[in-house]
Amino acid sequence: MLIPHDTRIALDTVVDLLNTAPESEPRGSGQREGEPLDGLADIEALYDFARRHRISGVGKLHEKDLRAVRDVRTRFATIFATDDAQIAASLVNALIAAAGTTPQLSNHDGYDWHVHYFAPDASIADHLAADCGMALAFIVVAGEQERLRRCEAPDCRHAFVDLSRNRSRRYCSSRTCGNRLHVAAYRARRREAAD
């Protein structure tokens with residue numbers, strides 16, 4: 001599947017945004033039982049997210065920005081959760097329409113020409129909704145919605161986009177979740193064989 005560079009960056013951003021949600025945190029990641037962590041717990045975490053993803057034009061952020069980004073995150077989670085293309089298309093359309101998309105060619109910060117879908121001076125929530133929403137639209141249009149997945153490890157709900165050739169990826173990370181489950185299965189087989 002050929003994905004343009006800016007679409008890939010937006011897909012990585014939406015996945016990372018989804019994985020900041022408390023319900024996506026794997027058990028044992030430091031929180032006490034019943035106390036899920038929110039990767040966007042405060043304004044500083046939102047600034048960190050914006051820096052990490054090199055989101056341009058982020059000015060002073062306020063609590064309303066944090067609430068709006070969390071709302072966009074929830075809307076993206078709903079898109080990932082549906083396997084119906086018609087529903088996904090409707091959700092994506094509503095998301096990008098609410099963001100006031102205004103496609104513009106841009107070349108900034110050392111990047112070649114690419115398309116920004118958000119309006120100039122858009123809030124960070126509208127920026128994410130527009131750019132990441134259009135990336136998800138690309139996936140739906142390509143008929144590849146099944147690539148929007150959640151990790152199959154029983155103690156992990158991280159989101160990921162399966163870009164494998166045969167759409168066979170099952171875990172958010174083969175190094176962590178995949179490896180851990182393979183080792184556990186191997187040990188279980190060894191114990192069973194020893195009995």
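Counting from 1, the numbers follow the sequence of the chain as shown.
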Taking only distance into account, with no hydrogens and no angle test, what donor-acceptor pairs under 3.5 Å do side-chain atoms of residues 84-101 form with protein atoms, sequence neighbours excluded?
unit_1 : atom_1 : unit_2 : atom_2 : d
Asp84  : OD1    : Gln86  : N      : 2.8
Asp84  : OD1    : Ile87  : N      : 3.0
Asn93  : ND2    : Ala89  : O      : 3.3

Problem set entry | Qualifying residues under side chain to side chain donor-acceptor pair (under 3.5 Å), relative to Glu146, sequence neighbours excluded | Arg167

For this session: Enumerate the residue pairs fulfilling salt bridge (Lys or Arg N to Asp or Glu O under 4.0 Å) with a member in residues 67-80, sequence neighbours excluded, ordered by first and then second residue.
Result: Asp38-Arg70, Asp38-Arg73

For this session: Return the minimal non-hydrogen interatomic distance between Cys172 and Phe160, and the atom names on each side.
Result: CA-CD2, 3.7 Å

Side-chain donor-acceptor distances from residues 7-16 under 3.5 Å, at least two apart:
unit_1 : atom_1 : unit_2 : atom_2 : d
Arg8   : NE     : Asp12  : OD1    : 3.2
Thr13  : OG1    : Ile9   : O      : 2.9
Thr13  : OG1    : His53  : ND1    : 3.4
Asp16  : OD2    : Arg52  : NE     : 3.4
Asp16  : OD2    : Arg52  : NH2    : 3.2
Asp16  : OD2    : His53  : NE2    : 2.5

Exercise. Taking C-beta and beyond as the side chain, do His158 and Cys156 meet within less than 4.5 Å on heavy atoms?
Worked result: yes

For this session: Please name all residues satisfying side chain to side chain contact (heavy atoms under 4.5 Å, CB included) with Ser168, sequence neighbours left out, ordered by chain then number.
Result: Ser164, Asn166

Exercise. Is a donor on one side and an acceptor on the other found under 3.5 Å between the side chain of Thr82 and the backbone of Thr78?
Worked result: no

For this session: Please check if the side chain of Arg149 supplies one atom and the backbone of Cys151 the other of a donor-acceptor pair under 3.5 Å.
Result: no

Quick one: side chains of residues 40-47, donor-acceptor pairs under 3.5 Å with protein atoms, not counting sequence neighbours, listed by atom name and distance.
unit_1 : atom_1 : unit_2 : atom_2 : d
Asp42  : OD1    : Glu44  : N      : 3.3
Asp42  : OD1    : Ala45  : N      : 2.8
Glu44  : OE2    : Arg51  : NH2    : 3.0
Tyr47  : OH     : Leu61  : N      : 2.8

For this session: Give the minimum heavy-atom separation between Ala159 and Asn19, together with the two atoms involved.
Result: N-OD1, 2.6 Å

Run the side-chain donor-acceptor check on residues 117-138: report pairs under 3.5 Å with partners two or more places apart or on a different chain.
unit_1 : atom_1 : unit_2 : atom_2 : d
Ser123 : OG     : Asp126 : N      : 3.1
Asp131 : OD1    : Tyr117 : N      : 2.9

